[in-house]
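Everything on this sheet refers to the single structure shown next.
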Amino acid sequence: MSAVTGMGGIGKTALAVEAAHRARAEGWFPGGFLFVDLRGYDDDPVTADQAVLSLLDAMGVQGADLPPTTARQYDAYRALLTERRERMLLILDNASDPSQYVPLLPGTDHHRVLITSRDRPDALPVRVIDLEALDPAESAALITRALHDADERDDRATREPDALRELTSCCGHLPLALQIAAAMLRRRRHRDIASLVTEIKQVGDPTVVLDKGSPGTDLYGRSLVLRPVLETSYHRLPADQARLLRLLSVAPGTETGTEAVAALADLGTEATLSLLDELAATHLVTSGSGRHWRLHDLVRAFGAAVVGREEGEAARERVLRFYHRWADAADDRLRWTPGRPVPERFADRRQALEWLDGERTGLVAAALWAQEERFSGAAVRLGECLGVYFDWRRYFDDWLSVSRAAAQAAHRTGDRLREAGAWTNLGTALRKVGREEEAIDAHTRARDLFRAAGHRHYEAAAWHNLGIALQDSDRIEEAIEAYTRARELHRATGNHLGEAMTWNHFGSALREAGRIEEAIKAHTRALGLFQAQGDRHTEADAWGNLGIALRQSGREKEAIEASATALAIYQEFEDWYRVGITLHNLAVAHLAALRPADARVHWLRAADAYADANAPTESAAARTAAETLREAVKE
């Protein structure tokens, strides 16, 4: 026995029938095949007792030959299969319950049975083939072929590849939806594909548009409609599973971790996991990596249409609180230095990063809820917890989106302090992607807002960030002035860590201005302050910058020692991007010391570190430097 399972509309019946025809053509089933539609998800499903009459009729048992009782009908059915020496395939299609098909099993292993169902038949030792949606290329090929088969002159799919890709995405790559869309396009042969995409986007729910334009029935006489397929699956669910499905439709992101689902549903983790397993068995929910769960796009659209407004918004508030609590704890761990309170849950930075990595999609989507008035405050607070993580993992696009949404929301609500914080994060993200002038504007706005609010501590940090942006724009003298203002404010407010960071960047600006000895003194001053504060990670920053200044002053041996110290600390933190930077600096120092072989090794190691840090451009540059040096050494 085998079973083809998957959500409604995934193409189970079509696959089973196509496979049966091909298998018979290959001679696998010389006795042919029997097919019975059990209509398991209709209001009046076919029972096994009704199905056995159809099967007997197909095998020629009719009228007076038909046994008078149900028990004798089953006996006759099994006897016929046992007597038939030519192997047959029995297709029991669209079953919703084992009681529909178990009595129909042949009772002999000579024949083969293929079951199709939206539910996994876990009660029997059945080989299960789970169907998933098509991939984008297959979806496009399906519609392209459907249009060309109807009219070989129809080249819309070729002329509109982008619109075709959007249409398949709107259909969730579900074969039934794609089939309906193709039929609609055939009927609207004088209109482009983009017009159908626009119509679906305007309505918002693909099932509404596709069902309205459905051509009726398929080759098997079945209705080509989407929403009833989803409704029948939904209405068969117990109340607790139906509720969870509705709430999942408002979850942020495409995949949601079990704990976040539990927060949505206001349930314990184990109870939630049990419900998710049941929903996964019906193919309304699929499990992803690391105990994450996702809904098919069309199921999500259906769920969003049936969830109550207050029910859905309460669930969103719960998941926002959940995400903020643990993102805040993870952020505290990433920023943690000895002597500060130990954050809850996460024992070290690795655990914090693993959690943030696993929940990243949901975290970003939830933070973007800042654009909605009801959730703006909580979403802005969530976004504030993600800046260090985005920087660490180099997710700059996410950082830009979240920061911009937070700045707009905070301005709308009149929260000037949070608005300034959002501009700070936005300025840093802009600077990381090379948009220096925009970064200068953002940090200037943040500085002015902090100053107007009388927050000298934050104003100092804003001057510091402005200095970095000015330095990146080669406005060195202005940067030195900004760092000086920041340093004075940090000292006045007693923020020794902020003062240390400013001394470190001040040294970099002095170095770029050609004031190397002053730079060495500035980095040394920063190093002492970092060590006094016990902040190992920023201490590594100072060691790295000191190494560069020492190399530029011709003190290669000291430069290599300083950079090696920085490297060891960055490796301890698994900060692979800064590991790559430091290995690059070591390569340059070894080259200056006339040790090209050592320089090449460090550039190769830098390439690997950059690759681990999601920095492919820097990785390729380091590898090119190593290869160039190898050719030079050969010569």
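Fair warning: this is a prediction, and the values are worked out from it, not measured in the lab. Positions are given from 1 along the sequence.
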Exercise. Kindly indicate, with the supporting measurements, whether the criterion side chain to side chain contact (heavy atoms under 4.5 Å, CB included) is fulfilled by W463 and R451.
Key: CA-CA 10 Å; W463 275 112; R451 178 189 288 165; 3.3 Å; yes
Quiz item: Can you check whether R316 reaches E372 side chain to side chain, under 4.5 Å on heavy atoms?
Solution: yes
Practice problem: Specify the closest pair of heavy atoms between A589 and E556, including all atoms of both residues, with the distance to one decimal. | Solution: O-CG, 4.1 Å
Exercise. Give, for atom OG1 of T258 and atom CZ of R291, the distance between the pair rounded to the nearest 0.5 Å.
Key: 4.5 Å
Self-check item: Point-to-point distance, once rounded to the nearest 0.5 Å, from NE2 of H411 to CG of L449
Solution: 9.5 Å
Quiz item: Taking all non-hydrogen atoms of both residues, which atom of G172 and which atom of A133 are closest, and how far apart?
Solution: O-CB, 3.7 Å
Quiz item: Counting only N and O atoms by type, is there a donor-acceptor contact under 3.5 Å from the side chain of T444 to the main-chain atoms of I440?
Solution: yes
Quiz item: Is the W399 ring parallel, tilted or perpendicular to the F390 ring (thresholds 30°, 60°)?
Solution: tilted
Practice problem: Examine R360 relative to Y395 and say whether NZ or CZ is less than 6.0 Å from the centre of the six-membered ring and inside a 45° cone about the ring axis. | Solution: yes
Quiz item: Got L529 and Q533 here, is their nearest side-chain heavy-atom distance under 4.5 Å?
Solution: no
Quiz item: Going from CG on L368 to OG on S401, what distance comes out if it is rounded to the nearest 0.5 angstrom?
Solution: 6.0 Å
Exercise. For salt bridge (Lys or Arg N to Asp or Glu O under 4.0 Å), just list the numbers for E255 and R294, CA-CA rounded to whole Å, side-chain angles, deciding distance to a tenth of an Å, and then say yes or no.
Key: CA-CA 5 Å; E255 285 198 357; R294 66 184 304 146; 3.3 Å; yes
Quiz item: Between V261 and L247, does a side chain to side chain contact (heavy atoms under 4.5 Å, CB included) hold up when you go through it step by step?
Solution: CA-CA 8 Å; V261 178; L247 297 182; over 6 Å; no
Self-check item: Crowding at CD, E481 (>12 non-hydrogen neighbours, <6.0 Å)
Solution: no
Quiz item: Within a radius of less than 6.0 Å around OH of Y577, do more than 12 heavy atoms belonging to other residues, nucleotides or ligands occur?
Solution: yes
Practice problem: Test side chain to side chain contact (heavy atoms under 4.5 Å, CB included) on H523 and R511 and set out the steps. | Solution: CA-CA 10 Å; H523 291 312; R511 192 176 70 242; 3.4 Å; yes
Exercise. Spell out, as yes or no, whether a donor-acceptor pair under 3.5 Å connects the side chain of S249 to the backbone of A304.
Key: yes
Practice problem: May I ask you to check whether W543 and E539 show a side-chain donor-acceptor distance below 3.5 Å? | Solution: yes
Practice problem: Output all residues satisfying side chain to side chain donor-acceptor pair (under 3.5 Å) with E512, sequence neighbours left out; order by chain, then residue number. | Solution: Q471
Quiz item: Do H537 and Y570 have ring centroids that are under 6.0 Å from one another?
Solution: yes
Quiz item: Salt bridge or not for E259 and R345, using N-O below 4.0 Å?
Solution: yes
Exercise. Examine distances only and state if a side-chain atom of T168 and a backbone atom of R165 form a donor-acceptor pair shorter than 3.5 Å.
Key: yes
Quiz item: Is there a side-chain contact between L400 and L426 (heavy atoms, below 4.5 Å)?
Solution: yes
Self-check item: Minimum-distance pair of heavy atoms, taken over all atoms of R431 and A439
Solution: N-CB, 3.7 Å
Quiz prompt | W336 six-ring centre to R349 NZ/CZ under 6.0 Å and within 45° of normal | solution = no
Practice problem: List the atom of V319, the atom of A260, and the distance in Å for their closest heavy-atom pair. | Solution: CG2-O, 3.8 Å
Quiz item: Please, which pairs that meet side-chain hydrogen bond (donor to acceptor under 3.5 Å, both in side chains) have at least one residue in residues 375-390, sequence neighbours excluded?
Solution: D357-Y389, E384-R418
Practice problem: Keeping the roles fixed (side chain from R487, backbone from E499), state whether a donor-acceptor pair exists under 3.5 Å. | Solution: no
Quiz item: Would you find a donor on one side and an acceptor on the other, under 3.5 Å apart, between the side chain of E572 and the backbone of A568?
Solution: no
Quiz item: Is any side-chain heavy atom of Q571 closer than 4.5 Å to a side-chain heavy atom of F573?
Solution: no
Exercise. Answer yes or no: are there more than 12 heavy-atom neighbours, outside Q531 itself, under 6.0 Å from its atom CD?
Key: yes
Quiz item: Would you find more than 12 non-hydrogen atoms of other residues, nucleotides or ligands less than 6.0 Å from K521 atom NZ?
Solution: no
Quiz prompt | Ring-ring centroid check H602 H590, cutoff 6.0 Å | solution = yes
Quiz prompt | Heavy-atom side-chain proximity of F396 to D391 below 4.5 angstrom | solution = yes
Quiz item: Quick one: does R447's side chain have a donor or acceptor within less than 3.5 Å of a partner on A462's backbone?
Solution: no
Quiz prompt | Lys/Arg-Asp/Glu bridge criterion (N-O < 4.0 Å) met for R412, E373 | solution = no
Exercise. Measure the CG-CG distance between L386 and D328 for me, rounded to the nearest 0.5 Å.
Key: 10.0 Å
Quiz item: Any donor-acceptor pair under 3.5 Å linking the side chain of H505 with the backbone of M501?
Solution: yes
Practice problem: Would you check if H292 and S287 make a side-chain contact, meaning some heavy-atom pair closer than 4.5 Å? | Solution: no
Quiz item: Is V380 close to D415 at the side-chain level, that is, under 4.5 Å between some pair of heavy atoms?
Solution: no
Practice problem: Look only at the side chain of D331 and the backbone of A327, and say whether a donor-acceptor pair between them is shorter than 3.5 Å. | Solution: no
Quiz item: Which atoms form the tightest heavy-atom contact between G580 and A606, and what is the distance?
Solution: O-CB, 3.6 Å
Exercise. Tell me, with the steps shown, if E311 and R246 meet salt bridge (Lys or Arg N to Asp or Glu O under 4.0 Å).
Key: CA-CA 9 Å; E311 180 184 45; R246 292 194 303 272; 2.9 Å; yes
Quiz item: Hey, are D277 and S274 close enough side-chain-wise for a donor-acceptor pair under 3.5 Å?
Solution: no
Practice problem: State the CH2-CZ distance between W423 and R404, to the nearest 0.5 angstrom. | Solution: 8.0 Å
Quiz item: What class does the angle between the rings of F375 and W369 fall in, given that below 30° is parallel, 30 to 60° is tilted and above 60° is perpendicular?
Solution: tilted
Self-check item: side chain to side chain donor-acceptor pair (under 3.5 Å) between T428 and N425, worked out
Solution: CA-CA 5 Å; T428 304; N425 284 331; 5.5 Å; no
Exercise. Please answer whether the main-chain N or O of F346 pairs with a side-chain N or O of R333 as donor and acceptor at a distance below 3.5 Å.
Key: yes
Exercise. State, with a plain yes or no, whether a side-chain heavy atom of L470 is found less than 4.5 Å away from one of I480.
Key: no
Quiz item: Using 4.0 Å as the upper bound for N to carboxylate O, is an ion pair formed by R445 and D448?
Solution: no
Quiz item: Is there a salt bridge (Lys or Arg N to Asp or Glu O under 4.0 Å) between E317 and R374 once you walk through the steps?
Solution: CA-CA 9 Å; E317 288 177 346; R374 176 165 179 164; 2.8 Å; yes
Quiz item: Got more than 12 heavy atoms from elsewhere within 6.0 Å of CG, D397?
Solution: no
Exercise. Measure from NZ or CZ of R623 to the centre of the six-membered ring of W603 and say whether it is under 6.0 Å with the direction within 45° of the ring axis.
Key: no
Exercise. Of all the heavy-atom pairs spanning A540 and A566, show the shortest one and how long it is.
Key: O-CB, 3.4 Å
Quiz item: What's the spacing between W326 CH2 and E344 CD if we round to 0.5 Å?
Solution: 4.0 Å
Exercise. List the steps and the verdict of side chain to side chain contact (heavy atoms under 4.5 Å, CB included) for R578 and D541.
Key: CA-CA 9 Å; R578 289 180 176 83; D541 292 344; 3.9 Å; yes
